[in-house]
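Have a look at the structure below before the remarks.
Only heavy atoms go into these numbers, but all of them, side chains included; no hydrogens, no water, no symmetry mates. Remember, it's 1-based here, ligands and their atoms both numbered in the order they're listed.
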Amino acid sequence: MKKIPLLIIILSLQIPFALAEDGYRLWLRYDCVDNNAVLSTYRKQIKGFKVEGNSPTLSLVRTELEQGLAGLLGINVPQSNSVSASIVVAGTSKSSEINKLNLDARLKNLGREGFLILTTTVKGKKLIVITAPEEIGVLYGTFHFLKLLQTHQPIENLDIESSPRINLRILNHWDNLDRTVERGYAGFSLWDWHKLPDYIDPRYHDYARANASIGINGTVVTNVNANARVLSSHYLEKVAALADVFRPYGIKIYLTARFSAPIELGGLKTADPIDETVQQWWKDKVKEIYTHIPDFGGFLVKANSEGQPGPQNYNRNHADGANMLADAVAPFNGIVMWRAFVYDDKVPDDRAKQAYSEFKPLDGTFRKNVLVQVKNGAIDFQPREPFHPLFGAMPDTPLMMEFQLTQEYTGFSTHLVYLANQFKECLDADTHAKGAGSTVAKVIDGSLDNHQLSGIAGVTNIGNDRNWTGHPFAQSNWYAFGRLAWDHQLSAQQIADEWIRMTFTNNPGFINPVKEIMDKSWETTISYMTPLGLHHIMGWSHHYGPAPWIKDKHRADWTSVYYHQASKDGVGFNRSATGSNAIAQYAEPVAKLFGSRDQCPEEFLLWFHHAGWNEKLKSGQTLWEELCRHYYGGAETVNSFQQQWATLEGKIDKERFEQVKMLLNIQYKEAIWWRNACVLYFQTFSGLPIPHGLEQPENSLQYYLNLEFPYAPGIRPQW
Ligand code: GCW
């Protein structure tokens, strides 16, 4: 017998551990079910699988089932040639086996992307059928089925119908062509433009697969602060190569369109949307795009905001700009997502009011293939914002939601912040646009105003870090976004539960405490950063850390003092009728609630009101005391997360356990930093002592003021 050197044996034994849990597999780990009772029932119920068809999408279904079942069941689960007992059959009703089941009546209500998973009996044989009107639904159904196994659900009598409530479920990448990512905290861009189109990084497939597993069906691969060059022929070939990878996963590609591209790329003298040569330039450009990418989705545009060019440069309005592009893509069934994130320091009005003031009058003037994409709140992805007043205010225009998954304002990829609670608070908010129950979710899923076109976007937190998102828990925000885009009625807790099970373990000893941490995490971050409705008091430009003292910049609306308005008499932005009257942009019941100093929910108090330091809040404590209580309480809760996490050692892999532990340590340090800096700063106005029993900050205010972070991530070097 040939002798195998000991070192090789040791190395080969080590390999699985060395590669163990670097987070790359996300929630699609497919490790063998580690509960013997569950495993043995699954093994009895699934003896094989059969995928009907060989198209690119059905081939993905086959691979997914093959790998998923083998992994989860820990045995080879064979493909069957015929339909025998206890197998999983997947395909559309075009397949003869599924056609025989006469499911047409059920399938026809599922829509283009829905699916049906059913336990049925054919000639005495019990089968599990995964089927859908279209192939993409079969893929979605396959992921759903595998999720049942990953989360140890019973599968003996399945009857699951599912269809997305929102049509366009899109990631927005703020990725630049030089691979930097604006507000990206997970490395560089995934898109290796230099090597495309000939080199296809296997990660492109893994990215598309992960998205398909949660129903995301579109991706805007370039930054809204756009570079016209991506529309050049040279780059379009590269974009087409990505589109080819994404297609079988049901994912359409979209690009950001720089409004001045006709000048920069086309050599025209103007980009005026009313100019015929400009219109023609876009038509030709769009035609060229569609020759490269026949199912190109369309454009996302940031115009006349933060220095970006737009129709207003030519005294035209946003509808003129959007409609010109919409006309160019319409013959190809493309769409335009036109952002409502506009504000201007030259406009002498509260920044929170400006988007509504500009867009509301344009309601009904956009082409049918335009969606107006609105951030969840009126300022800018703050830790907490009241819902944007445009929701419910433009019934004749499909409004698309824009959430931010990347943690620009919630601790980058260093803080554990589960954002599903933030998304839910906004989606569930009642606009009262058509009476009680007119939730934001109903506005954006099109049901409130009967729009066929509906969409939701997430500014993604993905980069080329090995684990995709930097913080292992930041993966949950990508996951939760996809799940809520599919079904906004799911609860944040339900989503956390399934995510933890798939990403870590089904051990309740781990799930329960971690679910609790996740559930508290968003509120906790608000407490140590921007409690009681404070907002935009982060570090200048990079937005890292606290800097409520920012003032005297070239734009007032880029300073912190603009937003908190602290003075000797109190703190907060008066947006009530006696102030900027921003509340008047909401439907009456909402305006009344937010506009009343006494009724305004305290989490939005300083968003809408300027309140005195000694005013009493609901707890009976003064505003100053409550503010301190939040800052100190928030930091202490992070400390409790650290302690809870420490008890979980050994329940999951060492790699991710240690990673999260170190990140929680940083989060705690930064929470204390936020607490100290803010309390000391606001104290210079309140003149009041830090309440009894709370420790004094270890450093002076000056110490915090002097901190500088020229290399904080997420900004472009030239800034
Ligand atoms: O949140 C702010 C960011 C900018 C971003 C802008 C936007 C892409 O600080 O970096 O630019 O919003 O949403 O357009």
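Residue Glu182 approaches ligand 1 through these ligand atoms, each under 4.0 Å from one of its heavy atoms: 4 (C), 5 (C), 8 (C), 10 (O), 11 (O). For ligand 1, the atoms closer than 4.0 angstrom to any heavy atom of Glu408 are 1 (O), 2 (C), 3 (C), 9 (O). For ligand 1, the atoms lying closer than 4.0 Å to a non-hydrogen atom of Phe341 are 6 (C), 7 (C), 12 (O), 13 (O), 14 (O).
Ranked by closest heavy atom to atom 14 (O) of ligand 1, the top entry among Lys302, Lys375, His542, Gln373 is Lys302.
In this structure, Lys442 NZ and Thr431 OG1 are separated by 9.5 Å, a value rounded to the nearest 0.5 Å.
The side-chain tip of Lys238 points at the ring of Tyr235 from less than 6.0 angstrom away and within 45° of straight on. A cation-pi geometry, defined here as NZ or CZ lying under 6.0 Å from the six-membered ring centre and within 45° of its normal, holds between Arg575 and Phe573. Trp468 carries Arg203 over the face of its six-membered ring, with the cationic atom under 6.0 Å from the centre and within 45° of the normal.
Contact record, Val181 with Ser189: CG2-N, 3.5 Å, taken as the closest heavy-atom pair.
Considering backbone and side-chain atoms alike, Asn223 places every N or O at 3.5 Å or more from each N or O of ligand 1. Residue-to-ligand polar distances place Arg183 within reach of ligand 1: an N/O pair is separated by less than 3.5 Å. For ligand 1, one of its N or O atoms has an N or O atom of Arg339 under 3.5 Å away.
Heavy-atom neighbours of Phe188 CZ from other residues, nucleotides or ligands within 6.0 Å: at or below the threshold of 12.
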